[in-house]
Amino acid sequence: MHRKRLIWQLYPSQLLITIIALLIAAGYGAYSLRAFQLAQISAGLEARARLTQEHVLTLLTRNNLNALQAFCTTAGKNSGTRLTVIAADGKVLADSDEDPGRMENHSDRPEIIAALAGRPAPSLRFSHTLQENMMYVAIPLVQNGKTTGVLRTAIPITFIDHALRAIFLKIVWGCLIVALLVALVAWFISQRITKPLEEMRLGAERFANGAFTNKLREEGAEEVASLAKAMNAMADQLDGRIKTIARQHSQLQAIFSSMVEGVITVDTEERILDINQAGARLLNIAPKKLRGKNALVAVRNLALQRFISQALASAKPIEGEIDLTDREGQEKYFYAHGTRFQDASDMTSGAIIVINDVTNLRRLENMRRDFVANVSHELKTPITSIEGFAETLLDGALESPEDARRFVEIIAKQSKRLHAIIEDLLALSRLEQENEQTELALTEEKIINPLRRAIETCGLKADEKKISIELAADDDLTASLNSPLIEQAITNLIVNAIKYSDEGGRLLVRAEQRDEETIAIEVQDFGTGVAAQHLPRLFERFYRSDAARNRKLGGTGLGLAIVKHIVQAHGGEVGVQSELGKGTTFTILFHTEKHHENTNET
């Protein structure tokens, strides 16, 4: 619907009212002026009649009609007035402008009737005799209480009409000029009225667009100034509230985005309203693809959809576990908390779901169970052997020197194995405690030194299997490291390589600068190798790719786990490559930049 501006509602109405008032005033003025002029002429005509009344009455009494005609002619000519004497029966006795004998009876003339009635009154009409508009005034001629006739005076009023027409034309022009002036004044007044309102409209639009700095001018009429003041106060309040809301929204958004937990909000139709980055990352889906979609369609997990339905239906917060398989086929575990929220009318408007990724906790729990089971198993075997052979000795085997010696040798061997397991566990425990409590003490040292010491330490075992160990490293290659720990790690790798190498084989230990920030140490054997499915778990505690052979060779299952912890304590990485029948290569990577940082901290 098209709406007119206020100025086009005020200005035309003001102008129209002014023009109508001017027309009414001009018409009434012209009418009053004409009435005034006619009244003046009527009074003049009556006065002239009164002046000639006595003389005409004398002549009429004498019945001297010729003298009466001559008097009317002379007096009418001198005064510019038409004089007419009429008998009581309406017969014209004398007239200053016409021959009385040719004039018709005037008994029906209004002025004659009024005069004979004793109430003289003017009369306006067109004179057929003179062919122009005339004003007539008649007075009775009374002698001895008897009306003997009527004396009538008359003049043309054409000149009055011409004069009034000229005056009315001037009035019209004056009204037009006044109307023009009034139009300008009305336009100015309308502008004065509508301009503050227009400014308020523009100001309200600025306020609606969030621009609260440009305030309205508080001037003009009291009502307009009060309205501008109220709108400025409203703008200040809106500005404060919007800033507060924006600040709170930014804080909530920052909290929402920085939360480690995934947060999902849904409506009553189970459509996802919002999700933070952590939630999208946990579900491995882009946030934009989730918003507005049904939870089941977006995530494709029936357990999550059921949990959302329960959260919407339950009056109390709920919690539970959700299993989810992502698009890469990896299984994840989430612990979820859900509660519904209500609007201002206490109606359920949606629910909020908070999910925590407990996949690592599950894996750690499984690893803990496996570790406990493996430790129990590894410790049980030598303890059972020691206990069994000790009981055998007590039951009488001591009487047989050969059996007693053999049983004691087995007990000693199992005791050494038990001691080795405990020592490795203690070593792992110490490494973990040192990593958590203190920074590892690192010194700048040539890498070849701990490599040589490790080779010397393993020399006896290598000689037993006639295995040669080759060292390839630059004497000038240095790094920030803890030399005893690196020596222990390399020793463990060499011992592991010796176990899985054939008699008469060879090992290769080398160190090189891969790039400006990376140094690599490799221990390579050419033995039996490890199947690919075992490689990801080689560094787990007590994990054995070939359990029977490993126990036969005397391993504790903790050597590679110790290597991993030592390398991680240096901020490095350890990896393995292997192929069945061709051998295995363990690689340790040190990042020299991190080493320098640790050195500076120390």
Side-chain angles (χ1 to χ4, degrees), residues 424 446-459 461-475 477 479 481 483 485-515 517-547 549-550 553-592 594-595:
D424 285 347
K446 293 182 179 180
I447 293 179
I448 197 170
N449 293 332
L451 300 184
R452 284 174 176 170
R453 289 195 295 270
I455 293 174
E456 290 175 359
T457 301
C458 300
K461 290 184 178 291
D463 292 341
E464 289 177 357
K465 295 184 69 173
K466 299 180 182 180
I467 295 175
S468 63
I469 303 176
E470 301 175 8
L471 175 62
D474 190 348
D475 289 343
L477 186 61
L481 47 83
S483 184
L485 291 181
I486 294 299
E487 179 183 343
Q488 181 181 357
I490 301 302
T491 300
N492 287 357
L493 292 178
I494 294 175
V495 169
N496 186 78
I498 292 173
K499 289 179 182 178
Y500 291 94
S501 295
D502 297 329
E503 187 172 349
R506 69 186 183 95
L507 301 181
L508 178 60
V509 179
R510 57 177 173 266
E512 61 181 358
Q513 184 84 38
R514 288 279 177 91
D515 52 44
E517 298 179 354
T518 306
I519 294 176
I521 300 176
E522 293 183 351
V523 176
Q524 183 179 6
D525 67 66
F526 303 91
T528 58
V530 181
Q533 67 267 23
H534 298 294
L535 294 179
R537 301 189 61 185
L538 276 185
F539 296 96
E540 293 182 10
R541 301 173 187 183
F542 297 112
Y543 183 80
R544 307 173 190 272
S545 59
D546 188 346
R549 183 181 180 187
N550 188 273
L553 294 175
T556 63
L558 294 172
L560 294 181
I562 293 174
V563 172
K564 178 181 177 181
H565 278 74
I566 291 174
V567 173
Q568 288 180 345
H570 284 75
E573 302 171 10
V574 61
V576 59
Q577 293 180 339
S578 182
E579 187 175 352
L580 288 175
K582 294 186 178 180
T584 303
T585 301
F586 287 91
T587 304
I588 298 175
L589 298 178
F590 290 123
H591 302 289
T592 57
K594 293 183 179 179
H595 293 166

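Side-chain atoms are counted along with the backbone in the values below, which use heavy atoms only and exclude waters and symmetry mates.
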Of all the heavy-atom pairs spanning Ala511 and Ile447, show the shortest one and how long it is. CB-CG2, 4.0 Å

Would you please test Phe586 and Leu560 for side chain to side chain contact (heavy atoms under 4.5 Å, CB included) and show each step? CA-CA 10 Å; Phe586 287 91; Leu560 294 181; 3.9 Å; yes

Point-to-point distance, once rounded to the nearest 0.5 Å, from CG of Leu485 to OG1 of Thr491: 11.0 Å

So for atom CD, which belongs to Gln577, do other residues, nucleotides or ligands contribute more than 12 heavy atoms lying within a distance under 6.0 Å? no

Is there side-chain contact between Ile490 and Ile588, with heavy atoms separated by less than 4.5 Å? yes

Given 3.5 Å as the limit, does a donor-acceptor pair link the side chain of Thr528 with the main chain of Gly581, or not? no

Stepwise side chain to side chain contact (heavy atoms under 4.5 Å, CB included) test for Ile494 and Val523: CA-CA 7 Å; Ile494 294 175; Val523 176; 4.3 Å; yes

Side-chain donor/acceptor pairs under 3.5 Å, residues 451-458, sequence neighbours excluded:
residue : atom : partner : partner atom : Å
Arg453  : NE   : Glu487  : OE1          : 3.0
Arg453  : NH2  : Ser483  : OG           : 2.3
Thr457  : OG1  : Arg453  : O            : 2.8

Of the non-hydrogen atoms in Ala479 and Ile519, which two are nearest, and what is the gap between them? CB-CD1, 3.8 Å

Distance-only, no hydrogens or angles: does the Asp515 side chain make a donor-acceptor pair with backbone N or O of Thr518 under 3.5 Å? yes

Not counting sequence neighbours, list each pair that qualifies as a salt bridge (charged side-chain N to carboxylate O under 4.0 Å, His left out) and has a residue in residues 576-587. Glu579-Lys582

Ile486 and Phe590: side chain to side chain contact (heavy atoms under 4.5 Å, CB included), yes or no, with the steps? CA-CA 11 Å; Ile486 294 299; Phe590 290 123; 3.3 Å; yes

Kindly indicate whether the side chain of Leu477, heavy atoms from C-beta on, has any atom under 4.5 Å from the side chain of Ile448. no

Which atom of Gly504 lies closest to which atom of Ile467, heavy atoms considered: N-CG1, 4.3 Å

In short, Val530 meets Ser578 closest at the heavy-atom pair N-OG, 2.7 Å

Quick check: does any side chain N or O of Lys465 sit under 3.5 Å from a backbone N or O of Ile498, one acting as donor and the other as acceptor? yes

Please walk me through it: do Lys499 and Lys461 pass side chain to side chain contact (heavy atoms under 4.5 Å, CB included)? CA-CA 9 Å; Lys499 289 179 182 178; Lys461 290 184 178 291; over 6 Å; no

Gln513 versus Glu517, closest heavy-atom pair with distance: NE2-N, 4.3 Å

Can you tell me how far the CD atom of Gln524 sits from the CG atom of Leu507, to the nearest 0.5 Å? 9.5 Å

Only one of Asp525, Leu538, Leu493 passes side-chain contact (heavy atoms from CB on, under 4.5 Å) with Thr584; say which it is. Asp525

Nearest 0.5 Å, please: how far is CG in Leu481 from CD1 in Ile566? 11.5 Å

Find the distance between CD (Glu464) and CD (Glu503) and round it off to the nearest 0.5 Å. 10.5 Å

Counterpart residues, salt bridge (Lys or Arg N to Asp or Glu O under 4.0 Å), relative to Arg514 (two or more places apart): Glu512, Glu522

